[in-house]
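Structure record follows, encoded as structure tokens.
First the proteins, then the strands, lettered A, B, ... as listed; each starts at 1.
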Number of protein chains: 2
Amino acid sequence: MELAPTFVNSSESYRDAHLEVDFGHKTVVLDAGHLVLTRKEFELLAMLVQHAGDIIPRETLLQRVWGYSREIRTRTLDVHIRRLRRKLGAYSGQYIETIFGIGYRFQPFRSARHLQPRLSQFAIGA
Amino acid sequence: MELAPTFVNSSESYRDAHLEVDFGHKTVVLDAGHLVLTRKEFELLAMLVQHAGDIIPRETLLQRVWGYSREIRTRTLDVHIRRLRRKLGAYSGQYIETIFGIGYRFQPFRSARHLQPRLSQFAIGA
DNA sequence: GCCGTTTTTACAAAATCTTTACAACTCCGC
DNA sequence: GCGGAGTTGTAAAGATTTTGTAAAAACGGC
């Protein structure tokens, strides 16, 4: 058997010096250790990682990860971002940045770097 | 059933340090001991083993092992998983993992897991 | 009918997600 | 610099969803 099991998404993945995200197998490896993320945490991370470098508005994240209920005015998103950051440990600051008033942005790992100016460009479609 | 006709690729099998599954003859050996599984138990195990390393959604298991009755909202699958685990004894934890909210995954035997920086083992629960 | 297997049922337990209540922080005009 | 309005960060509690189990009922072949 083996013919392309439908449940195995073609394994695309993201990878940099410390982090590896396999979208198909839904696995995350951080510095050789497997990270255990919950479903929402993974979806959120995947969403950010797949648009690395782009700012993703809170609203877009809420729509895509939480369905179209753009009616969540609680801190749900923040709470998930927080858990994600905690699991990313020491690298969290490097990877997930908060774009005040807009949303979040995942940045691929880079050795030495400082924060960018401010208000930037492209945000993925809302 | 049984008589595994020759046209059945009876040579196909899975094997690791402790477990051996012969798909053609539908036999299972665990640490030199012959495991007796019922038909459903075997099919379930086979399904998982043949896709070792991949997460198989509950729905997929229900479809392939139980026919197309997609939405069985009973605990049938869980009950079978439980019996399988029981028969796998001490290795059950190592072999069959639950991917919360999605399904299950069979993981080939891995010798000691010492060399790991930040613990955690498997993948996301997505 | 008997017996081994499979499915249901009915809860218990566990894992995850959301809400709440504040604290902390940013931005911006004064 | 200061202060206020608005935004994000956190911890903890509350809800909800999903999975685990045990026991009993339902099947099916002999």
Side-chain angles (χ1 to χ4, degrees), chain A residues 26 28 35-45 47-48 55-67 69-89 92-93 95-105 115-120 123, chain B residues 1-2 26 28 35-45 47-48 55-88 92-93 95-105 120-126:
Chain A
K26 296 177 191 274
V28 180
L35 267 196
V36 179
L37 302 185
T38 66
R39 175 164 33 182
K40 280 272 169 35
E41 285 166 1
F42 181 82
E43 283 174 29
L44 183 53
L45 176 63
M47 191 68 204
L48 291 166
I55 293 173
I56 304 186
R58 297 174 65 89
E59 194 156 302
T60 301
L61 290 171
L62 284 172
Q63 284 187 189
R64 306 216 185 164
V65 177
W66 277 267
S69 58
R70 37 174 36 226
E71 260 314 311
I72 296 181
R73 66 321 228 123
T74 56
R75 315 237 83 4
T76 304
L77 171 56
D78 308 74
V79 170
H80 281 270
I81 283 286
R82 173 172 149 280
R83 295 194 184 127
L84 206 47
R85 280 174 164 157
R86 179 155 50 181
K87 290 186 177 178
L88 285 177
S92 65
Y95 284 129
I96 301 179
E97 43 178 303
T98 299
I99 308 302
F100 193 92
I102 303 184
Y104 296 91
R105 172 167 56 184
L115 299 179
Q116 306 220 314
R118 46 134 80 287
L119 204 281
S120 300
Chain B
M1 38 182 94
E2 321 357 334
K26 296 179 189 285
V28 180
L35 261 197
V36 179
L37 301 184
T38 66
R39 166 164 20 200
K40 279 278 174 17
E41 285 167 0
F42 180 83
E43 284 175 30
L44 182 53
L45 176 62
M47 191 66 203
L48 291 166
I55 294 172
I56 305 187
R58 297 174 67 89
E59 192 153 309
T60 301
L61 290 170
L62 284 171
Q63 284 187 188
R64 306 214 183 170
V65 177
W66 276 268
Y68 287 97
S69 51
R70 329 133 301 130
E71 261 319 306
I72 292 182
R73 73 280 271 148
T74 57
R75 315 238 65 40
T76 304
L77 172 56
D78 308 74
V79 170
H80 282 269
I81 284 286
R82 174 164 162 288
R83 295 196 186 122
L84 249 185
R85 280 174 164 158
R86 195 188 323 191
K87 291 187 177 178
L88 285 177
S92 66
Y95 284 129
I96 302 180
E97 4 170 340
T98 298
I99 307 302
F100 196 94
I102 303 185
Y104 296 91
R105 172 168 56 187
S120 286
Q121 27 208 346
F122 13 159
I124 107 161

Distance test, side-chain N/O of B:W66 to OP1/OP2 of C:dT7, below 4.0 Å: yes
Heavy-atom check, side chain of B:R58 versus side chain of B:D78, under 4.5 Å: yes
B:L77 vs B:L37, nearer the 5' end of DNA chain C by closest nucleotide: B:L37
Nucleotide D:dT8, atom P - distance to CG of A:L84 in whole Å: 17 Å
Separation of atom NE2 in A:H80 from atom C1' in C:dA15, rounded to whole Å: 12 Å
Terminal helix-axis angle for the helix from C:dG1-D:dC30 to C:dC30-D:dG1, with five pairs defining each axis and rounding to 10 degrees: 40°
Check against side chain to side chain contact (heavy atoms under 4.5 Å, CB included), A:I81 and A:L48: CA-CA 11 Å; A:I81 283 286; A:L48 291 166; 4.2 Å; yes
Partner residues of B:R82 under the side-chain contact (heavy atoms from CB on, under 4.5 Å) criterion, sequence neighbours left out: B:R86
B:L44 CG to C:dT6 C1', straight-line distance once rounded to whole Å: 13 Å
Atom pair distance, as rounded to whole Å: CD in A:E97 and P in C:dC25: 18 Å
Residues which pass side chain to side chain donor-acceptor pair (under 3.5 Å) with A:S92, listed by chain and number, not counting sequence neighbours: none
By ring-ring contact (aromatic ring centres under 6.0 Å, His included) - contacts of A:Y95 (at least two apart): A:F106
Distance, nearest 0.5 Å, that separates CG of B:L37 from CZ of B:R83: 12.0 Å
B/S/- contact track for nucleotides 11-30 of chain D, protein heavy atom under 4.0 Å: B------SBBBB--------
Between P of C:dT7 and CD of B:E41, the distance in whole Å: 11 Å
Test salt bridge (Lys or Arg N to Asp or Glu O under 4.0 Å) applied to B:E41 - qualifying residues, sequence neighbours left out: B:K87
N/O (side chain, B:K40) to phosphate O (OP1/OP2, C:dT7) under 4.0 Å: yes
Expected output: side-chain B:R85 to main-chain B:I96 donor-acceptor under 3.5 Å: yes
Atom-to-atom span, CD of A:E59 to P of D:dT7 - whole angstrom: 13 Å
Atom pair NZ/OG1 of B:K40 and B:T76 - distance to nearest 0.5 Å: 9.0 Å
Whole-Å gap separating P (C:dT18) and CG (A:L61): 13 Å
Under-4.0 Å side-chain N/O to phosphate OP1/OP2 contact, A:T38 with C:dC17: yes
